[in-house]
Every structure is written in structure tokens, then in C-alpha cells.
Undergrad: 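One structure follows; several queries about it will come next.
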Amino acid sequence: MDARRPALSGALLVALMLGLIPPAAGAGAPVALDSPVAASLSGTPDGGTHPLALAEGDYVEGLLDSGPLPVDLRLVDAGGRPLRLLLGGSTGRASFRFVAEPAHAALRISGREAGAYSLTLTRRIGRDGQFPNPRVFDSPTIAALAGALERGGTTDAFWERVARTGTPLTEPHGPGTLVMTFLARGARQNVRLLGGPSSDHEQLERLGTSDVWFKSFVVPDSTRLSYQIAPDVPDFPASCRACREAILAQTQADPLNPRSWPSDAPDRFNRWSVVDLPAAPPQPGVPDDAAPAGSPDDRRFDSRRFDSRRLGNSREVTIHTTAGFDPARPDTILLLLFDGPDYRDRVRAPAILDRLTADGRLPPVVTAFIANPSAETRARELPGNPDFAAMLADELLPWLAERTGLTPRPERTVLAGSSYGGLAAATAALAHPERFGNALSISGSFWWHPEGTRRERPEHVAGLVATGKRAPVRFFLSAGLFESGSAGDLGILESSRHLRDVLEAKGYDVAYREYAAGHDYYAWRGVLGDGLLALFGRDGAFRESGKAGAGR
């Protein structure tokens, strides 16, 4: 039987009406395709038994219709011993299915009441007809290679092409979209992808037994991302977390992609391969290869230890001023940026800010790059911590004013960060609007909620806004299209959209943008400039993005 054709006539329904055989007459007519029979029950325990003529491994589907009569349907062996209950206490029309085994000799129907029933086999597929649908590849190139390999070809020409074009492969798909295919060559056991167009550590698939490993995604033609691959990740008995962490032992730049970032990374394990598709938006202030953040003796940099009585700890804070800084200028921006070393050295925000101010797109900016004492401290302080917010308002802000000579004004002061830092920017500004009149959140973790409050308030910040009074705070929110949740959980994308809607419903000024990107510093370089221009740019970008609903 050919599984590619409709089974047993176009309706896939072949009725085998069982003959009216009194239970005392012994076995009923065999159940087989194209052999209609009929039967009834007299209410005896034995019921009606109908022999099967099946081969081992046959896949069988059927229907039992007993009307109001409660019946059981079992598979039994040649001696009448029950092997499997297919339907128990069934009334009306019910379906069943099984895979035939050598011991399956008959179907037995039994019930405590007398009455008629009908049995219908809707499908039977032998092993020779059981095979999957032909594989459909998103990538035409991979599909063509698969066909060539089936015909006995090799991968040599394919890899020669990849050497010329680089990776990932990009191919047209539909309006505004492309197929993006990540590749790896010659791995022995597995390849993982970190930073691709998803929120997971994706597994590449091996093409047959060849040396080609691949994973394809359909993405917007405006995609911008950085990624690493991890070939032959060790697989060992351990917790899921430990196995996922083992991926980090092998993550490295893609050797088939000629573009990587940052350019001065010490080795391939500290470099990320990058992709900028043709319609990726410009990144304000980001040069083709961002200049170094500045040398230690640059007088526009001032790195010091900051001690907090409120938190009982200390951290490094680096103050950077753009050219033309004058503490008396009323339009000067004071930017407090969380995860400071990453934004100072990896994103190279000083070079971005220097360019935006030199081009006249922003007024002078004083930036405080705020470090975390440790990773554990970061996880405790940044997510909605009122003590951390109070430290910023009551300790750090006066400390910055003393060292810069600037008199902070809330309407010119902005808290900014990404991930937990984006969450902290929003919660601290809402807690102290008299000090911080602007919040710039990049991929903020607005799915977060205090421990034990998920059921009543799964989105803590949206709840704060909805139930609180409107504060004099302006917001710039952004999220990546590749930051959606999985397995029913809220992600950054969904929770950011919701927060935007709640803020707007409360009358807040909100600029919101989405990017074809993930949780990715490479993309966040441009988002930082976008956010500052939206909030403080001289071209009125905030009004345009906020009122026109950019990124919706």
C-alpha cells in the first residue's frame, strides 16, 4: 500500500459492517478490508470476537460505533487472552489505532448490555508503505546538495562555493525575508550555534553522512546579529545546565565567515562572527570599525572606586566626557550606563558618543560607566532592587556632580542598560523620577518578577505602571524580534510590547523600536545611539518614533 496516496478510497474510510452473529455462535466474521460483516451483543461476558488477518508491523486505524451501548474493545491472542485494551466503556463513535504484533489474533467487543454495534477499519498501512514524507529544505542550495549526494556526488564543489561567498548562506525567500543557513564542516559528533536567530543554543543537522552540518532560518532582510559556533561539544552525564555550560568551552568564531567582531579580540574563542543583511538599519555613531575607547591617560576618562554605604560594597565607575563638555551648559546629558565595562570596552560607547556629538546630533554627554562588583551582585542589584535605585539617587548622583561640576537635572539625566540593565533603568527611574527623568531600556528583562509573585504579577514593571501614578519619566524601549519566549513563557519581545502598551495607556511619552536581532551587544551598539537620539536628538527623533509607533 502506498502511503503517499489516499488510503482505502478517497475518503480514507472502508466500512467493515460486522454480521449479526449471536455470541453463542462462536467467533464472528474476520475483520479485514473489503469484508463487510455485522454483529450484536446479548450482554454475556464473552462478547463478539472477530479474527484479524494482519502482518507484523501493520499500522491500523479504526472506528467503533456502539450507540448508547457501553462496550470495551480489546486485542486478544489466539487463545482469547486479552493483550491490550483499545477502548474502555466506549459509547457512541470512538476511534482506535494500534500497530500489529504477531500475538494479535482478534478484536473482541464486550459489554454488559445487549445491543448492536458497528466496527469500521479506516486505514491499514504495511511496513512497505511506511516512510516519511520527502524532506523539504528551506535552503535551495542545501536541497540541491542533498539531491547531488543521493546521486553519488561529493561536497567538493559546494565547499568551493562557500569559500568564495562566505557564511552564512543567504538566499531569497519572500517579500522582506531571506533564508539564512549556518554551516560547519567536518565535525565528528555535533555542532551548536550560539547567537543565531533564536533564543536557544540551536543544533546544526548533519546532511546525511557528509561533512556538511547546517541549520536554516527564515529571517527579515534587516537582520543584524553576531554568533559563534561550537563544534564537537563534549557530551557527558550531567545536569542540563552543566551540559549547556559545556557548550561555552567550544564556542568560537565561524572560520567560514570572513567578518568578525571585535577586531582586536585575542583569539577565535573571544571573537564573534557577524551578519549585517542589506536592509539592516544604520547604527548611529558606530564606525565601520569602532575606535578604541581611549587610553588610560586620556583626560576625558576618569576611573575611580565608588563606595556605597547603602549597599555595603564598592565598584569601579568610569566617567567619560565628550568634546565640548561645559558643566554650565544647560543641555548637557548625564548618562548613567549599567554593565559599564561591557559598554565602555566591548560596545565602545565612548567612540559612539564622541561621533554623535562631533556630528552635532547630540549635545555634550557625560557618561558614568557603572561596573558590577560581581556577577552574583549584578543578579541581585539590577532586577527591581529598591536599595540599588536609592544608591543611584542618593549616593552616586551627588558623587558624580562633585567630580564633574555638573548640576544634574532630571529632564537631562538618563538611566540606560540592556537586559537586567534595561530593567534597572526603568524601575529606578520610576522609583526616583525626581532624579531620573529618562529611561533607555535595550532588550529589557521585563518578563522578570520578584520571587514568588509570578502567578499574581508575572510582569512586575507593567504592574507597577498600571497601578501607580504617572511619573514625569520618558521612556525609550527596544526589543529584538529573536527574543521571543518559548514553551509558553514570556520573552523580552512580548513583555516589552506589553509594557509599551501599558505606559502609553497611562499617558507616558514612549519611543519604542524593534530590531531583527537577538540578545546581542553587536546590535545593541546601534540601539544605544538610536535611544539617545530619540530622547535628546536635535532632529526630534523622539516625537517621530514615539508618536508614529516606530517598530510596531
Side-chain angles (χ1 to χ4, degrees), residues 306 308 310-311 315 317-320 327 330-340 343 349 353 362-372 378 381-404 406-442 444-446 448 460-462 464-465 468-478 496 499-500 502-503 506-512 527-528 531-537 542 546:
F306 168 73
S308 169
R310 181 78 179 230
L311 298 176
R315 70 197 68 220
V317 175
T318 298
I319 302 172
H320 169 263
D331 61 346
T332 298
I333 300 166
L334 176 58
L335 169 64
L336 280 67
L337 192 52
F338 303 125
D339 296 315
Y343 274 91
L353 297 171
L362 283 177
V365 181
V366 177
T367 305
F369 294 92
I370 306 169
N372 305 299
R378 178 183 188 272
E381 291 182 346
L382 294 187
N385 188 322
D387 290 330
F388 182 75
M391 177 276 291
L392 296 172
D394 301 334
E395 295 181 326
L396 182 59
L397 207 57
W399 185 85
L400 291 172
E402 180 182 348
R403 276 150 185 80
T404 63
L406 184 70
T407 300
R409 299 163 55 203
E411 67 273 15
R412 305 301 292 177
T413 303
V414 54
L415 297 175
S418 50
S419 195
Y420 270 170
L423 172 65
T427 53
L430 288 170
H432 295 278
E434 77 286 356
R435 299 292 181 92
F436 310 114
N438 302 273
L440 195 165
S441 174
I442 303 172
S445 300
F446 296 120
W448 176 85
H460 178 69
V461 181
L464 289 178
V465 173
K469 293 182 179 180
R470 181 185 176 279
V473 178
R474 297 189 305 162
F475 286 86
F476 176 89
L477 307 178
S478 73
S496 295
L499 178 59
R500 171 203 63 195
V502 175
L503 285 166
K506 292 287 286 192
Y508 282 88
D509 286 332
V510 185
Y512 176 80
V527 184
L528 176 63
L532 290 171
L533 289 173
L535 292 166
F536 304 107
F542 180 84

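Computed from a predicted structure; not experimentally measured. Note that the numbering runs from 1 along the sequence shown for the chain.
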Undergrad: If you measure from CG on Leu464 to NZ on Lys506, what distance do you get to the nearest 0.5 Å?
TA: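 NZ of Lys506 is found 11.0 Å from CG of Leu464.
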Undergrad: Indicate the atoms forming the closest heavy-atom contact of Phe476 with Ala534, along with that distance.
TA: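 Smallest interatomic distance, heavy atoms only, reads CD1-CB, 3.7 Å.
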Undergrad: Indicate the ring-plane relationship of Phe388 and Phe338, choosing parallel, tilted or perpendicular according to the 30° and 60° boundaries.
TA: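 Taking Phe338 first and then Phe388, their aromatic rings sit tilted (interplane angle of 30° to 60°).
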Undergrad: With a 4.5 Å cut-off on side-chain heavy atoms, are Ile333 and Pro363 touching?
TA: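 Touching, per the 4.5 Å side-chain cut-off.
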Undergrad: Do any pairs count as a salt bridge (charged side-chain N to carboxylate O under 4.0 Å, His left out) and have a residue in residues 383-398, sequence neighbours left out, and if so which ones?
TA: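 Non-adjacent pairs meeting salt bridge (charged side-chain N to carboxylate O under 4.0 Å, His left out): Arg310-Asp387.
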Undergrad: Any donor-acceptor pair under 3.5 Å linking the side chain of Arg470 with the backbone of Gly507?
TA: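 Flag set: sc Arg470 to bb Gly507 pair under 3.5 Å.
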Undergrad: According to salt bridge (charged side-chain N to carboxylate O under 4.0 Å, His left out), who are the partners of Arg315, at least two apart in sequence or on a separate chain?
TA: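 Result, salt bridge (charged side-chain N to carboxylate O under 4.0 Å, His left out) vs Arg315: Glu381.
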Undergrad: Taking the side chain as C-beta and beyond, is there a heavy-atom pair between Pro383 and His460 under 4.5 Å?
TA: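 No, too far: nothing below the 4.5 Å cut-off.
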Undergrad: Does the side chain of Asp339 reach to within under 4.5 Å of the side chain of Leu382, using non-hydrogen atoms?
TA: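 A side-chain contact under 4.5 Å exists here.
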Undergrad: Grab the two heavy atoms, one from Ala416 and one from Leu335, that are nearest each other, plus how far apart they are.
TA: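 Looking at all heavy atoms of both residues, the shortest contact is CB-CD1, 3.7 Å.
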Undergrad: Got a second to check how far Leu440's CG is from Leu528's CG, nearest 0.5 Å?
TA: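 Between Leu440 CG and Leu528 CG, I get 6.5 Å after rounding to 0.5 Å.
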Undergrad: State the CZ-CG distance between Arg409 and Asp331, to the nearest 0.5 angstrom.
TA: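 So the gap between those two atoms works out to 8.5 Å.
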Undergrad: Identify the heavy atoms of Leu415 and Ala429 that sit nearest to each other, and give their distance.
TA: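 Closest approach of Leu415 to Ala429: CD1-N, 3.8 Å.
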Undergrad: Is there side-chain contact between Leu430 and Tyr508, with heavy atoms separated by less than 4.5 Å?
TA: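 Yes, their side chains come closer than 4.5 Å.
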Undergrad: Quick check: does any side chain N or O of Ser308 sit under 3.5 Å from a backbone N or O of Leu311, one acting as donor and the other as acceptor?
TA: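 Confirmed, Ser308 side chain pairs with Leu311 backbone.
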Undergrad: Looking at Phe536, does the NZ or CZ of Arg412 lie under 6.0 angstrom from its six-membered ring centre and within 45 degrees of the ring axis?
TA: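 Because its charged atom misses either the 6.0 Å distance or the 45° angle limit, Arg412 does not stack over Phe536.
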Undergrad: Hey, could you give me the CD/CG distance between Glu411 and Leu535, rounded to the nearest 0.5 Å?
TA: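 So the CD of Glu411 and the CG of Leu535 are separated by 13.0 Å.
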Undergrad: Measure the shortest side-chain to side-chain distance between His432 and Leu392 over non-hydrogen atoms and say whether it is less than 4.5 angstrom.
TA: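 Not touching, per the 4.5 Å side-chain cut-off.
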Undergrad: Could you pull out all residues at least two apart from Thr332 that satisfy side-chain contact (heavy atoms from CB on, under 4.5 Å)?
TA: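 Partners of Thr332 by the side-chain contact (heavy atoms from CB on, under 4.5 Å) criterion, ordered by chain and then number, come out as Phe325, Arg329, Pro364, Val366, Leu406.
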Undergrad: With a 4.5 Å limit on heavy-atom distance, are the side chains of Leu400 and Leu336 in contact?
TA: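 The answer is yes; the side chains approach within 4.5 Å.
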Undergrad: Do we get Arg500 above Phe446's six-membered ring, with its NZ or CZ under 6.0 Å from the centre and within 45° of the axis?
TA: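 Geometry flag: not set, cation outside 6.0 Å or 45°.
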Undergrad: Evaluate the side chain to side chain contact (heavy atoms under 4.5 Å, CB included) criterion for residues Leu397 and Leu334: first the C-alpha distance (whole Å), next the side-chain angles of each, then the deciding distance (0.1 Å), finally the verdict.
TA: CA-CA 10 Å; Leu397 207 57; Leu334 176 58; 3.7 Å; yes
Undergrad: Identify the two heavy atoms, one from Met391 and one from Phe306, that lie closest to each other, and give their separation to 0.1 Å.
TA: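 Scanning both residues completely, I find the closest heavy atoms to be SD-CE2, 3.6 Å.
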Undergrad: How long is the span from the CG atom in Leu353 to the CG atom in Leu362, to the nearest 0.5 Å?
TA: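 That separation rounds to 7.5 Å.
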Undergrad: Test side chain to side chain contact (heavy atoms under 4.5 Å, CB included) on Thr413 and Arg435; report intermediate values, then the result.
TA: CA-CA 7 Å; Thr413 303; Arg435 299 292 181 92; over 6 Å; no
Undergrad: Can you give me the closest heavy-atom contact between Thr367 and Leu337, atom names plus distance?
TA: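 Closest approach of Thr367 to Leu337, heavy atoms only: CG2-CB, 4.3 Å.
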Undergrad: Specify the closest pair of heavy atoms between Val473 and Pro433, including all atoms of both residues, with the distance to one decimal.
TA: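 Residues Val473 and Pro433, closest heavy atoms: CG2-CB, 3.7 Å.
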Undergrad: Side chain to side chain contact (heavy atoms under 4.5 Å, CB included), that's the test. Do Val510 and Leu499 meet it? Break it down for me.
TA: CA-CA 10 Å; Val510 185; Leu499 178 59; over 6 Å; no
Undergrad: Under 3.5 Å, is there a donor-acceptor pair linking the side chains of Tyr343 and Ser418?
TA: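 Checked: Tyr343/Ser418 side chains pair up, N/O donor to acceptor below 3.5 Å.
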